[in-house]
Novice: 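Before we start, here is the structure in question, set down as structure tokens.
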Amino acid sequence: MASTQELKNFIDGRWVAASTGETFENIDPATGELIANVAKSGAADVDRAVEAARRALESWRLYPAPKRGEILYRAGEIMLRRKDELAREMTREMGKVLPEARGDVQEGIDMTYYMGGEGRRQFGDVVPAELPNKWAMAMRNPVGVVAAITPWNFPLAIPTWKIMPALVLGNTVVFKPASYTPMLAVRLVEILDEAGLPKGVLNLVLGPGGELGDHLVSHPGVDLVSFTGSSDTGSHISEIGGRLLKRVSCELGGKNAIVVLDDADVDLSLDGIVWSAFGTSGQRCTAASRVIAHRAVANGLIDKLVGRAKKLRLGSGLEASTDVGPVVSSSQLERVHSFIPIAEKEGATVAAGGRIPREGALAKGFFHEPTVLVDVKPNMRVAQEEIFGPVTAVIEVSGIDEAIKVLNSTKYGLSCSIYTRNVNNAFRFMRDAETGIVYVNAGTIGAEIQLPFGGMKSTGNGHREAGRAALDVYSEWKSIYIDYSGKLQRAQMDGEEAKTAP
Ligand code: NAD
């Protein structure tokens, strides 16, 4: 593999440079090295991609769904074969440590196989009709052309969450990945192409969001926008899509919390906190950026958490000794670090980390020390805003009631967890947590692809990815009535029952 690659768009079955003739750089966040020059697309590229997707829709929607599923199975097999190479490229491109990158690829494989199976399911409803000699059923139809817009933190898994259900249901796709992770997007498209996807069914347009994204979202040829990213961008996209009455599915930010009650196994909770707060350098939408600890156990918990955070080794995700890799970019590093003075000004204390290391090899990359903030109050900015870096804030409470109140006090509602040995508290928490995902005696990360994934409140707009729920995003229900009585039967005519009896 050449060390600097040229990454192009994929439109109507061909790899093509951007119409602008421009490129942008793809940088290794651990070393600052250039990995690839990437097509910087313009509106004309979006137009071509959408036109190709619309043309392909005519035959793809008629392609038998089990055959669509077979293409997905083949894609899953190719991903499995290329797993190590994909994981290494992912680590280079966005920094997560290799075992996590392998997990990201595996999640993509799992989703691809799962949705491959939907080729032979896509169950509809057949229900009794209220009139004699009449048949009533509902079936799924594709929505049309899907714009899949994805973030950089799960560069393979998240695109598969969107592209695989869209394809198996008979939609065609224009895929716009985050500009920090174009390489994994190119790999995914290569894989689906090799698996036998007809030309035009999946198109790739590379480039930053902004104008390009606005053009894609507002394009009259796009029927559905499936977006995962920040709440600000999600709200902007929803506004554009809403005005045009497009279907817009948004999976957005989080401010997830782990609650540790006084009857918890504290050491077990520590494992969950360290993994959920600092895994993927805190750059998971489900990362635990708050720990809500019962006062009775808080001091001991903080001491141990600080000790564990200080021991985590920063470094390149390709090194086996590394626990925490870099954050994705210099601007993200600045943003994460800007929360340290904000926290201190509001009265919080840095108990561990808080620095950007400037020594040795770490100085070349975008590293931030794993950070534990204490003396945090629920209304402080660090307890309310998504930081998306290796920073967690400990808030002390006096019991389950206050814990739930604090948990629900942010605008987000993605994931949460509780550590307790009291079954009554666990069930109350499961019922009252205003989040789309709840864990008991486990951290806030680790969702499985066969259950719905998404959040309440400002984390989304009511849709869910993954599992059966994803099918509802990428399909239209069509209800069909077949009257085989050979005469006019009038439904909803009160008082005419006698006439309709057999
Ligand atoms: P982002 O909002 O900056 O970008 C996401 C995508 O939107 C990128 O592809 C970007 O190029 C594109 N984009 C930007 N402006 C656009 C516009 N005007 N029109 C169309 N597209 C546009 O988010 P990010 O920094 O890439 O990702 C981090 C965020 O994603 C965090 O907030 C995180 O919580 C969230 N996230 C949520 C989930 C979830 O399922 N809830 C999963 C992963 C990440």
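Each ligand, and each atom within it, is numbered from 1 in the order the structure gives.
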Novice: Where do K255 and Q384 land on the side-chain hydrogen bond (donor to acceptor under 3.5 Å, both in side chains) test, with the steps shown first?
Specialist: CA-CA 7 Å; K255 190 68 192 173; Q384 290 290 327; over 6 Å; no
Novice: Check the orientation of Y180 and W152. Use parallel for under 30°, tilted for 30 to 60°, and perpendicular for over 60°.
Specialist: perpendicular
Novice: Measuring from atom CG of N256 to atom OG1 of T444, what distance do you get when rounded to the nearest 0.5 angstrom?
Specialist: 5.5 Å
Novice: For S230, counting its heavy atoms only, list the atoms of ligand 1 lying under 4.0 Å from any of them.
Specialist: 1 (P), 2 (O), 23 (O), 29 (C), 30 (O), 32 (O)
Novice: So, taking the atom named CD in E93 and the one named CG in L7, what distance separates them when rounded to the nearest 0.5 Å?
Specialist: 7.5 Å
Novice: Of all the atoms in ligand 1, which lie at a distance below 4.0 Å from a heavy atom belonging to T228?
Specialist: 5 (C), 36 (N), 37 (C), 38 (C), 39 (C), 40 (O), 42 (C), 43 (C), 44 (C)
Novice: Thinking salt bridges, do D104 and R284 make one under a 4.0 Å N-O criterion?
Specialist: no
Novice: Which ligand 1 atoms, with their elements, are less than 4.0 angstrom from a heavy-atom of I158?
Specialist: 42 (C), 43 (C)
Novice: Regarding T233 and S230, do their side chains bring together a donor and an acceptor under 3.5 Å, going by distance alone?
Specialist: yes
Novice: Would you say G455 contacts ligand 1, with heavy atoms under 4.0 Å as the rule?
Specialist: no
Novice: Hey, what do you get for CD (E107) to CD (E448), rounding to the nearest 0.5 Å?
Specialist: 9.5 Å
Novice: Is F453 close enough to touch ligand 1? Criterion: a residue heavy atom under 4.0 Å from a ligand atom.
Specialist: yes
Novice: Could you see which bit of E465 sits under 4.0 Å from ligand 1, with heavy atoms only: side chain, backbone, both or neither?
Specialist: neither
Novice: Counting each atom of ligand 1 from 1 as listed, which ones have a heavy atom of P177 under 4.0 Å away?
Specialist: 9 (O)
Novice: Just go through A185, C285, A287, A447 and tell me whose heavy atom is the nearest to atom 42 (C) of ligand 1.
Specialist: C285
Novice: Nearest non-hydrogen atom to atom 9 (O) of ligand 1 belongs to which of T150, I437, L206?
Specialist: T150
Novice: Mark up the atoms of ligand 1 that fall under 4.0 Å of a heavy atom belonging to W152, in ascending order.
Specialist: 24 (P), 25 (O), 26 (O), 27 (O)
Novice: Would atom 25 (O) of ligand 1 count as contacted, meaning some protein heavy atom under 4.0 Å?
Specialist: yes
Novice: For ligand 1, which atoms, with element, lie under 4.0 Å from some heavy atom of I149?
Specialist: 6 (C), 7 (O), 9 (O), 12 (C), 20 (C), 21 (N)
Novice: Of the listed options (G241, G229, A178, S329), which comes nearest to atom 35 (C) of ligand 1 when hydrogens are ignored and any heavy atom counts?
Specialist: G229
Novice: Report yes if W161 has an N/O atom closer than 3.5 Å to an N/O atom of ligand 1; otherwise report no.
Specialist: no
Novice: Judged by non-hydrogen atoms, does F227 sit under 4.0 Å from ligand 1?
Specialist: yes
Novice: Does even one non-hydrogen atom of S179 get within less than 4.0 Å of ligand 1?
Specialist: no
Novice: Do I149 and P177 touch side chain to side chain, with heavy atoms closer than 4.5 Å?
Specialist: no
Novice: Quick one: pull up NZ in K457 and OG in S231 and give me the separation to the nearest 0.5 Å.
Specialist: 12.0 Å
Novice: Heavy-atom distances under 4.0 Å decide this one: backbone, side chain, both or neither, for Y180 against ligand 1?
Specialist: neither
Novice: Please work out whether any backbone atom (N, CA, C, O) or any side-chain heavy atom from C-beta onward of I237 is under 4.0 Å from ligand 1, and answer side chain, backbone, both or neither.
Specialist: side chain
Novice: Please lay out, stage by stage, how V374 and V376 fare under the test side chain to side chain contact (heavy atoms under 4.5 Å, CB included).
Specialist: CA-CA 5 Å; V374 298; V376 176; 5.7 Å; no
Novice: Would you say G209 has any N or O atom under 3.5 Å from an N or O of ligand 1, going by distance alone?
Specialist: yes
Novice: If the cut-off is 4.0 Å to any non-hydrogen atom of N153, which atoms of ligand 1 fall inside it?
Specialist: 43 (C), 44 (C)
Novice: Which option wins on minimum heavy-atom distance to atom 3 (O) of ligand 1: T286, T233, I240?
Specialist: T233
Novice: Does D12 come within less than 4.0 Å of R55, counting only side-chain N to carboxylate O?
Specialist: yes
Novice: Please report which non-hydrogen protein atom sits nearest to atom 11 (O) of ligand 1, along with the residue it belongs to and the distance in Å to one decimal place.
Specialist: K176 NZ, 2.9 Å
Novice: Give the numbers and elements of all ligand 1 atoms closer than 4.0 Å to a heavy atom of H236.
Specialist: 18 (N)
Novice: Any cation-pi pair here, K162 with F227, using under 6.0 Å and within 45°?
Specialist: no
Novice: Within a strict 4.5 Å, meaning less than it, do heavy atoms of the L197 and L167 side chains meet?
Specialist: yes
